[in-house]
Amino acid sequence: MPTQELPKTYNPREVEESLYKWWEESGFFRAEIDWTKESFVIAIPPPNVTGELHMGHAMFVTLEDIMTRYHRMRGKVALWLPGTDHAGIATQLQVEKLLMQTEGKTRWDVGRADFEDMLWEWKERYGGYITKQLRRLGASCDWSRERFTLDEGLSEAVKEAFVRLFDKGLIYRGTYLVNWSPNLQTAVSDLEVEYSTEPGTLYFFKYLLKDSDDFIPVATTRPETILGDTAVAVHPEDERYRHLVGKTVIVPILGREIPVIADDYVEREFGTGALKITPGHDPNDYEIGKRHGLPILNIMNKDATLNEEGGSYAGLPREEARTRLWADMQAAGLTIREQPHELNVPRTQRGGEIVEPMVSTQWFVKMDEMAAKGLAAVRGGDIRIIPERFEKVYYNWLENIRDWTISRQLWWGHRIPIWYVDGDEERFVAARDEAEAWERARAQFGEVSRLDQEEDVLDTWFSSGLWPFSTLGWPNDTEDLRYFYPTSVMETGYDILFFWVARMIMMGLEFTEQAPFHTVYLHGLVRDEQGAKMSKTKGNVIDPLEAAGEYGTDALRFTLVTGATPGQDMNLNMERVEANRNFANKLWNTARFTLHNLGAEERAEIDTPHMPEARFVALPLAERWIVSRLNQLIAEATRHIEEYNFGEAGRALYNFIWGEFADWYIEAAKTRLYSDDEAAQHETRAVLLHVLERTLRLLHPFMPFITETIWQNLPHAKETPSLMLAAWPEPGPVDAEAIAQFEALQDLIRAIRNTRQEYGVEPARKIAATIVAARNFAEVEASREMIALLARLDEQALQILPSLDTPQEQAAHLVAGEGLEAYLPLAGMVDLEREMARLREQMEQARGEIERLNVRLANPGFVNKAAPNIVQGARDQLHAAQERLGKLEERQVALNSGR
RNA sequence: GGGCGAUUAACUCAGUUGGUUAGAGUGCCAUCCUUACAAGAUGGAAGUCGCAGGUUCGAGUCCUGCAUCGCCCACCA
């Protein structure tokens, strides 16, 4: 493996695509079943098959890829199972739109068979696009197991699930008031309805009593529904209207007679206190109608135009019917007034048009039983939701769940496996295929001459609900299913907790009698930098591939993972992506430095689990420090990842790589690297290489491309061909004393630099400094070594005069922890007055600290109740501060007497 | 109407069983083209942790109330 000179800056565009291709073609993403090993499985949240990549995808790819790569490196059989969703409504809408644009036709114009062909064509053309985009983000999915919800296997699972639920009596057909989408002409579930607050009008009008001039005043926001009224309701205890209960009133314009009823649902304070009842087009009225046995009048066609029940308004769209009717009522003197009123308008999630509650015959799933099991699984701890607060949201939804409308009057989806017998809507069987349907129909109904399959398809989420196991082969008892199921983590956005996660849990429990995963990790929405939702109409969408193209996929991923905490929305700003691009470049240059200084002999050792203890203890201070810090980092990053705190893990890596490895260790290493001591050189290179290589492993799940690229350039034996297959590092020894000593060194250097700047010493000017290591270090090798290090680290600025004696001349005096001191000569640099002032300020600080600590330690509550290590820590601090103050006082005296 | 989240430096955000003097990136000021990196280096300024109480030896962190913004659920015509 020849090591070539790396370019000065990392160029992601040059490596990402080919690297990914190599990973994929080499089969590194493939999960091979190995019964001696543990598995780690994530089923991807399947994107819409013809969808476009957005930041939500980038977010889940980042998080799921981190988990998958991490567990793969930990030696598990890691399967990230990819696939796409047919996305019934979304896809059909796209194709309908295209059909309208190109041919000016609706789907009904071309007919079901041809339209279905168009859908499949569309899917074939655009279906691969989204998965290509996921690849660009580095997703280490096992593409050999890719699934699509309309695949044969998954369709089989859907039929099986449906029939089982049907046989159990959990699926029923019924005529109820459902949410109707007039554009799509299909029913949608409650979840697919979104409410928006919009300005509107509250219309007051008169309901005339039959055979009387008297009237009941009624208020409505939707006058057109007057045409479907079958009663007027008042509160039973309302004195104003009590005497009218049981009387008959006349529907305006139409002249129909309807009763006045009493129901305590009516709010006396709202409007006029009298409520018109339209059971055919309002959910609450529907309930009231059922209670009172009122007729249900459907006044609309499927496209929300008025039907023949609307009398002369028949054929008009609902909005137009409203204005016409109101005008006619005004002319007839039946109106009272209008007032502005804020409306909560139900709109369909996809199309955005106003939902029309409409009575129709649909298929439903009974939810109570399944919901109870779903609740128990989370309550009992079989499933954990992260962040925990969403457990409450989940409970709340399942506790109040209503039956699920699963039929859709669409043409793109799984056709409901119900067969009607001899054209009779009341006689039907559920069956996995037509043969079984005949069998079942004959067994149940005897002579059967014709079977017709249900025209409706199933809600997309019905098939998605089976995803964790249908993708693994269920209902067949496949090896994949046995080995990989249940899956491990379900990672997705909190916005589909009800749509998808809850249903997967319920269906998993129902069909496999197991929770489909043990952990649900919910991420937040990615918003723009002002916190606004990204949308095409606002034009504030940041395309993940554009961002990745400009700054690198790794930078984008790192930004997404470190910028947010679980379940929390994040505001993405490109400055952060740029900053992380810079971080990638920093890492790149640490690698360049390491490789540049490498000799031919440095290689093999990095394949060992960690540095042998015996070698470690013999290392010089800086080396023991960085290796100790690395080992602490390994433990810390591992802990954070295990606890799903990926952002914290990422930040810890960032701080180590930039703040410790690059800023300090590499500088410190130069002392020995550029010395004449060949053994020392070799040792230093080995440590550089060791730390770099371990760091690459730790960072790989977060930034797969750059880490692999560098890793491939490292001169080592490569027991594994790719970093993604390398073992996750194990923490080695930590030398706490080395850490403390090196940190003291850092403190002192910072203090020296700070003093120079304070006194405005020009950077190029060297200062002769006297460094004194305190008595407890005076004898040990460490102090000499520290002084040498210091000389190197501030080579440009300092001429170090190592000494164990306090100098007598006037000098600025600096003290760091671990008994390190520095004296910077005053001559030519230091103004005595300023130095005295500086000393006073530092003494003031020290006294303040001593005061605070004394107060704390004098408090019996603190000494008795606080943890012993906390108390001891305070004592140590007090001693250090006292010592520091003592030195400062000595120095003050010395300076004064020297005057 | 019910529930949840957010409120920390100029901006975008971390801060995980309560424990020194609250951190990062960006921006800002000053200096530097030092032989890995100007996508860089060094130093610096910058926060009464939304407000008011409480618990505690000790609160950004726990409790109560309030304010502002946002989200979810429910759907009073």
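Just so it is clear: chains get the letters A, B, ... in the order the sequence lines come, proteins before strands, and each one is counted from 1. We use all heavy atoms of the structure for the numbers below, so side chains are in, but hydrogens, waters and symmetry mates are not.
Checking B:G5, B:A41, B:C75 against every side-chain atom of A:Arg389, the shortest atom distance belongs to B:G5. Listed nucleotides: B:A77, B:A14, B:G40. Nearest to the side chain of A:Tyr265: B:A77. The side chain of A:Phe270 lies closest to B:C76, out of B:C76, B:G25, B:G19. Checking B:U16, B:U21, B:C37 against the side-chain heavy atoms of A:Asn645 singles out B:U16 as nearest. The listed nucleotides are B:C4, B:C71, B:U20; the one nearest the side chain of A:Arg527 is B:C71. Of all nucleotides listed (B:U21, B:G25, B:G5), B:G25 comes nearest to the side chain of A:Ala579. Residue A:Lys8 has its side chain nearest to B:C37 when only B:U42, B:G19, B:C37 are considered. Candidate nucleotides B:G40, B:G5, B:A77 were compared by shortest atom distance to the side chain of A:Lys276, and B:A77 ranks first.
A:Ile277 comes within 4.0 angstrom of nothing in the nucleic acid, heavy atoms only. The residue A:Asn344 sits close to a base: some heavy atom pair falls under 4.0 Å. Among the heavy atoms of the strands, none lies under 4.0 Å from A:Ala874. Nucleic acid contact class of A:Ala866 (heavy atoms, under 4.0 Å, all strands): base. Residue A:Arg651 is classed as a sugar-phosphate contact, given heavy-atom separations below 4.0 Å to backbone atoms only. Residue A:Arg222 is classed as having no contact, given no heavy-atom separation below 4.0 Å to the nucleic acid. In this structure, A:His341 reaches the sugar-phosphate backbone alone: every heavy-atom distance under 4.0 Å involves primed, P, OP1 or OP2 atoms, never a base. In this structure, A:Arg402 reaches the sugar-phosphate backbone alone: every heavy-atom distance under 4.0 Å involves primed, P, OP1 or OP2 atoms, never a base. Using a 4.0 Å heavy-atom criterion, one finds that A:Asn400 contacts no nucleic acid atom at all. Nucleic acid contact for A:Thr565: sugar-phosphate only, since backbone atoms but no base atoms lie under 4.0 Å from a heavy atom of the residue. Here A:Asn573 lies in heavy-atom contact (under 4.0 Å) with sugar-phosphate atoms only. Using a 4.0 Å heavy-atom cutoff across all strands shown, A:Thr220 reaches sugar-phosphate atoms only and no base atom. The residue A:Asn754 sits close only to the backbone: its heavy atoms come under 4.0 Å of sugar-phosphate atoms, none of a base. Residue contacts for A:Phe498: at a heavy-atom cut-off of 4.0 Å it reaches the sugar-phosphate backbone alone, with no base atom in range.
Ring geometry for A:Tyr521 versus A:Tyr644: interplanar angle of 30 to 60°, hence tilted.
Distance check on atom P: B:A14 versus B:G25 gives 16 Å, rounded to whole Å. The same atom, P, is picked in B:A6 and in B:C62; the two are 10 Å apart, to the nearest Å. Nucleotides B:C28 and B:U20 are separated by 29 Å at their C1' atoms, to the nearest Å. Atom name P, nucleotides B:A22 and B:G50: the rounded distance is 15 Å, in whole Å. Of the P atoms belonging to B:G65 and B:U21, the separation is 31 Å, rounded to the nearest Å. B:G27 and B:A39 have their P atoms separated by 11 Å, with the value rounded to a whole Å. Straight-line distance between the C1' atoms of B:A59 and B:G54: roughly 11 Å, to the nearest whole Å. A distance of about 24 Å separates the C1' atoms of B:C69 and B:C63, rounded to the whole Å.
One finds a side-chain N or O of A:Arg753 lying less than 4.0 angstrom from the OP1 or OP2 phosphate oxygen of B:G43. For A:Lys533, no side-chain nitrogen or oxygen approaches OP1 or OP2 of B:G70 to under 4.0 Å. Under 4.0 angstrom from either OP1 or OP2 of B:A39 there lies no side-chain N or O belonging to A:Trp658. In terms of phosphate contacts, A:Lys392 brings a side-chain nitrogen or oxygen within less than 4.0 Å of OP1 or OP2 of B:C4. Close to B:C72, at under 4.0 Å from its OP1 or OP2, lies no side-chain N or O of A:Asn396. One finds no side-chain N or O of A:Tyr395 lying less than 4.0 angstrom from the OP1 or OP2 phosphate oxygen of B:C4.
In this structure, A:Glu648 places its CD atom 15 Å from P of B:G23, rounding to the nearest Å. With rounding to whole Å, A:Leu653 atom CG is found 17 Å from B:A24 atom P. The distance between atom CD1 of A:Ile666 and atom P of B:C37, rounded to the nearest whole Å, is 11 Å. For the pair A:Glu287 CD and B:C75 C1', the interatomic distance rounds to 13 Å; values are reported in whole Å. To the nearest angstrom, C1' of B:U16 lies 15 Å from CD of A:Glu642. A:Met570 places its CE atom 14 Å from the C1' atom of B:C11, with the value rounded to the nearest Å. Summarising the geometry, the separation between NE2 on A:His596 and P on B:U35 is reported as 12 Å, rounded to the nearest angstrom.
In plain terms, the two heavy atoms of A:Val251 and A:Ile226 that are nearest each other are CG1-O, 3.6 Å. Taking each heavy atom of A:Val355 and A:Arg347 in turn, the nearest pair found is CG2-C, 3.7 Å.
Counting only residues at least two apart or on different chains, the ring-ring contact (aromatic ring centres under 6.0 Å, His included) pairs with a member in residues 566-585 of chain A are A:Phe558-A:Phe583, A:Phe583-A:Tyr654.
One N or O donor and one acceptor, one from the side chain of A:Arg576 and one from the base of B:U12, sit under 3.5 Å apart. With hydrogens and angles left out, the side chain of A:Glu575 and the base of B:U12 share no donor-acceptor pair within 3.5 Å.
Base pairing in RNA chain B gives the following stems of 3 or more Watson-Crick or G-U pairs, range against range and under 3.5 Å: B:1-7 with B:67-73, B:10-13 with B:23-26, B:28-32 with B:40-44, B:50-54 with B:62-66.
Ion pairing between a basic and an acidic side chain is recognised when a charged N comes within 4.0 Å of a carboxylate O; A:Lys392 and A:Glu399 show no such pairing. With respect to the salt-bridge test (charged N to carboxylate O, under 4.0 angstrom), the residues A:Arg581 and A:Glu578 qualify. With respect to the salt-bridge test (charged N to carboxylate O, under 4.0 angstrom), the residues A:Glu844 and A:Arg847 qualify. A salt bridge links A:Arg651 with A:Glu648: the distance from a Lys NZ or Arg NE/NH1/NH2 to an Asp or Glu carboxylate oxygen falls below 4.0 Å. With salt bridges taken as basic N to acidic carboxylate O contacts below 4.0 Å, none links A:Glu391 and A:Arg384. Ion pairing between A:Arg527 and A:Asp569 holds under the 4.0 Å rule for side-chain N and carboxylate O.
Evaluation of the salt bridge (charged side-chain N to carboxylate O under 4.0 Å, His left out) rule for A:Arg856 yields no partner, not counting sequence neighbours.
Once rounded to the nearest 0.5 Å, the distance linking CD1 of A:Ile261 with NE2 of A:His292 reads 4.0 Å.
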